[in-house]
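To keep things clear, I will list the structure first and then write my remarks on it.
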Amino acid sequence: MEILFNKEEIEFKTKIIAKQISDEHRGDGTPIVFVCLLTGGFMFFSDLTQETKLDFEVDFMRVKSYISKRKQGDIQVTKDLETAIKGKHVYIIDDIYDSGRTMQAVMKYLRVKEPRSLNVVTLLKREQNAVDASEFADNFIYGFEIKGEWVVGYGMDNEKGYCRNYAGIFAV
């Protein structure tokens with residue numbers, strides 16, 4: 001395994017993203033909801049929400065898109081939001097923006113709930129995407145860009161479901 005980003009680099013980038021979101025909504029009275037896409041996004045979500053200097057609600061969605069660990073299939077929502085998002089700024093937070101198909105499906109699914117804005121925040125963005133986030137997101141924020149490598153650590157697992165607890169992000 002090769003380390004791509006260590007714990008300190010991730011912490012620094014997370015603080016920058018949290019400040020950007022905080023600055024965007026300072027003085028805006030519109031409610032904010034942070035939505036974590038489970039399972040891969042949980043570590044980034046936890047750290048990001050701790051660093052964000054705003055009042056906001058949190059909720060979780062579970063969306064499956066992989067038939068096997070490396071092959072994408074149809075999108076399935078297996079845990080839906082419990083929080084009403086109509087008229088609110090919504091931030092969908094995930095570990096990686098890979099092909100973009102999962103996020104596009106999630107955004108289309110949530111758009112009918114009439115949020116004021118739908119925003120995507122990911123720690124990683126794959127350099128080559130099938131779907132451009134600007135086609136469906138009001139705002140897209142990401143921390144690091146990666147190439148085609150499969151990554152583990154910081155919430156992301158390997159084929160056996162392990163490696164989520166690694167503090168850094170590694171290419172396998």
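Surrounding NZ of Lys79 are more than 12 heavy atoms belonging to other residues, nucleotides or ligands, all under 6.0 Å away. For Asp55, the CG atom counts as loosely surrounded, since its 6.0 Å shell holds 12 or fewer non-hydrogen atoms of other residues, nucleotides or ligands.
Taking CD from Glu149 and CD from Glu127, the interatomic distance works out to 9.0 Å, rounded to the nearest 0.5 Å. Summarising the geometry, atom CG belonging to Asn158 is positioned 12.5 Å from atom CZ belonging to Phe170; distances are rounded to the nearest 0.5 Å. One finds the CG atom of Asp157 at 3.5 Å from the CZ atom of Arg164 (value rounded to the nearest 0.5 Å). Residue Thr102 holds its OG1 atom at 12.5 Å from CD1 of Ile92, rounded to the nearest 0.5 Å. For the atom pair CG of Asp23 and NZ of Lys53, the computed distance is 12.0 Å after rounding to the nearest 0.5 Å. Glu24 CD to Ile32 CD1: the interatomic distance, rounded to the nearest 0.5 Å, is 9.0 Å.
Follow the hydrophobic side-chain contacts under 4.5 Å out from Met103 and you never reach Tyr91; the two are in separate clusters. Under the 4.5 Å side-chain heavy-atom criterion for Ile, Leu, Val, Met, Phe, Trp and Tyr, Val58 and Met61 are members of distinct hydrophobic clusters. Cluster membership for Leu48 and Met156, using ILVMFWY side-chain heavy atoms within less than 4.5 angstrom, is shared. Residues Leu81 and Val77 share a hydrophobic cluster, clusters being chains of Ile/Leu/Val/Met/Phe/Trp/Tyr side chains in contact below 4.5 Å. Neither Leu37 nor Phe34 shares a network with the other; the hydrophobic side chains, linked directly or stepwise wherever heavy atoms of I, L, V, M, F, W or Y lie under 4.5 Å apart, form separate groups for each.
Of the possible donor and acceptor atoms, none in the side chain of Asp132 sits under 3.5 Å from a partner among the backbone N and O of Asn129. Formation of a donor-acceptor pair under 3.5 Å by the Thr49 side chain with backbone atoms of Phe45 is found in this model.
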Acceptor/donor pairs from residues 9-18 side chains to any protein atom, 3.5 angstrom cut, sequence neighbours excluded:
unit_1 : atom_1 : unit_2 : atom_2 : d
Glu9   : OE1    : Asn6   : N      : 2.8
Lys13  : NZ     : Gly143 : O      : 3.4
Thr14  : OG1    : Ile10  : O      : 2.7

Table please: side-chain donor-acceptor pairs of residues 109-124 below 3.5 Å, with sequence neighbours left out.
unit_1 : atom_1 : unit_2 : atom_2 : d
Tyr109 : OH     : Asp80  : OD2    : 2.4
Arg111 : NH2    : Phe136 : O      : 2.7
Arg116 : NH1    : Thr30  : OG1    : 2.4
Ser117 : OG     : His89  : ND1    : 2.7
Ser117 : OG     : Asn119 : ND2    : 3.0
Asn119 : ND2    : Val90  : O      : 3.0
Thr122 : OG1    : Leu124 : O      : 2.9

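Glu145 is linked by a salt bridge (charged side-chain N to carboxylate O under 4.0 Å, His left out) to Lys125, counting only residues two or more places apart in sequence or in another chain.
Of all heavy-atom pairs between Gly155 and Met43, the closest is N-SD, 3.5 Å. Of all heavy-atom pairs between Thr78 and Val63, the closest is OG1-N, 4.5 Å. In this structure, Phe44 and Asp94 approach most closely via the heavy-atom pair CD2-O, 3.5 Å. Across all non-hydrogen atoms, the minimal contact from Cys163 to Val152 is CB-CB, 3.8 Å. Nearest heavy atoms, Thr83 versus Val33: CG2-CG2, 4.2 Å.
Looking at Thr39 and Arg62, their side chains come closer than 4.5 Å, going by heavy atoms from C-beta outward. The closest side-chain heavy-atom distance from Tyr154 to Phe5 is not below 4.5 Å. Using a 4.5 Å heavy-atom threshold, the side chains of Phe144 and Leu4 count as separate.
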side-chain contact (heavy atoms from CB on, under 4.5 Å) between Phe140 and Tyr97, intermediate numbers included: CA-CA 10 Å; Phe140 177 37; Tyr97 186 86; 3.8 Å; yes
